[in-house]
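This report refers to the structure that appears directly beneath it.
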Protein chains: 2
Amino acid sequence: MGITKTEIFTEQQNQIANFAKAFGHPARVAILQHLFKINACICGDLVIEIGLAQPTISQHLKELKTLGLIKGNIEGTSICYCIHQESWTAMKTVMNQFLDQDIENKTNCC
Amino acid sequence: MGITKTEIFTEQQNQIANFAKAFGHPARVAILQHLFKINACICGDLVIEIGLAQPTISQHLKELKTLGLIKGNIEGTSICYCIHQESWTAMKTVMNQFLDQDIENKTNCC
DNA sequence: ATTGTATATTGCAATATTACGATTAAAGAA
DNA sequence: TTCTTTAATCGTAATATTGCAATATACAAT
């Protein structure tokens, strides 16, 4: 099917899955890492830096922007992207709640 | 295409993406949350708990097992799944390295 | 106005993912 | 053995994702 039955899951579970899906492609991981390093709003240098075609990078950037993890500012003909710090922090809270879970019932078996 | 150009990314970037992809579906998030709560090796109760068909759950479990995040033990006719604690901790190290990044160059623009 | 540069959008082909019915496999119970 | 239960696997349909060529858009410079 390819379609995900989001209705049967909680808001939180879907939220975690959505963030994770964004990080589920190495190009988007690389883009975000680069933005953290060169926050000075490097724009289409990502195309050179990452090594994928311009439309492909643009598509990945769009997904990250839709999720709110990055912001884009028009500067003449080029566009300056950078991390949306508040959203990033909010995302971390959600993800850490999931990642930092502890096993409640210690009656193990495997 | 649907195919991901893993060759052009670093080992670390692909590793992050692979873990993230596993968390990129709410069913797998739900499965893991349930295993954390009921570590007492509940098996096919997941089918009832989650609300997806048995083959679907089985498929999701397989992906999590392939990644090493869960373990499965045969107990008679049923199978007991639980979190693979060491792998989970290792995964957290990788993911936190990514999530806890800080902006290096503060010359902002947006 | 025209040209050049940077980025977004469109359209499409190839592949991946999700979901599940049907079937199979494995182990205990009758 | 045969039946039952539990879970994996197979096969397949529907949808999603990835990647890029071609094109469109937006702005600056000439």
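Because only heavy atoms are used, hydrogens play no part in the values below, and waters and symmetry mates are left out as well, while side chains stay in. So that the names make sense, note that chain A is the first sequence line, chain B the second, and so on, each numbered from 1.
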Where does the angle between the aromatic ring planes of H60(B) and H25(B) fall among parallel (under 30°), tilted (30 to 60°) and perpendicular (over 60°)?
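Aromatic pair H60(B)/H25(B) classed tilted.
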Using the closest heavy atom to pick a nucleotide of DNA chain D for each, name whichever of S78(B) or A27(A) lands nearer the 5' end.
S78(B)
Students often get this wrong, so: under 4.0 angstrom with heavy atoms, is S58(B) touching a base, only sugar-phosphate, or nothing?
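Contact class for S58(B): base.
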At under 4.0 Å between heavy atoms, what does T4(B) touch on the DNA or RNA strands: base, sugar-phosphate, or nothing?
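T4(B): backbone/sugar contact only, no base atoms under 4.0 Å.
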Without decimals, in angstroms, what is the distance between [X] [atom1] and [N] [atom2]?
X	N	atom1	atom2	value
E63(A)	dT9(C)	CD	C1'	14 Å
E7(A)	dA19(C)	CD	P	9 Å
R28(B)	dT17(C)	CZ	C1'	8 Å
I57(B)	dA19(C)	CD1	C1'	11 Å
L61(A)	dA6(C)	CG	P	16 Å
Y81(B)	dA8(D)	OH	C1'	8 Å
I79(B)	dA25(C)	CD1	P	15 Å
K21(B)	dA16(D)	NZ	C1'	12 Å

Q12(B) and Q33(A): side-chain donor and acceptor closer than 3.5 Å?
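Side chains of Q12(B) and Q33(A): pair found under 3.5 Å.
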I need a per-nucleotide contact map over nucleotides 25-30 of chain D, read 5' to 3'. Cutoff is protein heavy atoms under 4.0 Å; write B for the base, S for backbone only, - otherwise.
--B---
Does a side-chain N or O of K5(B) approach OP1 or OP2 of dC20(D) to a distance below 4.0 Å, or not?
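Affirmative; the distance criterion is met.
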Counting just side-chain N and O atoms, does H60(A) come under 4.0 Å of either OP1 or OP2 of dG19(D)?
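Yes.
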Are the side chain of [X] and the backbone of [Y] linked by a donor-acceptor contact shorter than 3.5 Å?
X	Y	answer
W88(B)	D100(A)	no
R28(B)	A17(A)	no
Q101(B)	F98(B)	yes

Using the side-chain heavy atoms of P55(A), tell me which of these nucleotides is nearest: dA19(C), dT9(C), dA22(C).
dT9(C)
Among dA16(D), dG21(C), dA7(D), which is the nearest nucleotide to the side chain of I3(A)?
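Nucleotide nearest to I3(A)'s side chain: dA16(D).
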Pairwise 5' ranking along DNA chain C for K62(A) and G51(B), keeping only the more 5' one
K62(A)
Q59(A) versus K62(A): any side-chain heavy-atom pair under 4.5 Å?
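No - every pair of side-chain heavy atoms lies 4.5 Å or more apart.
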Minimal heavy-atom distance between K5(B) and L52(A), with the atoms involved, is CD-CD2, 3.7 Å
Side-chain-base donor-acceptor pair under 3.5 Å for Q54(B) and dA8(D):
yes
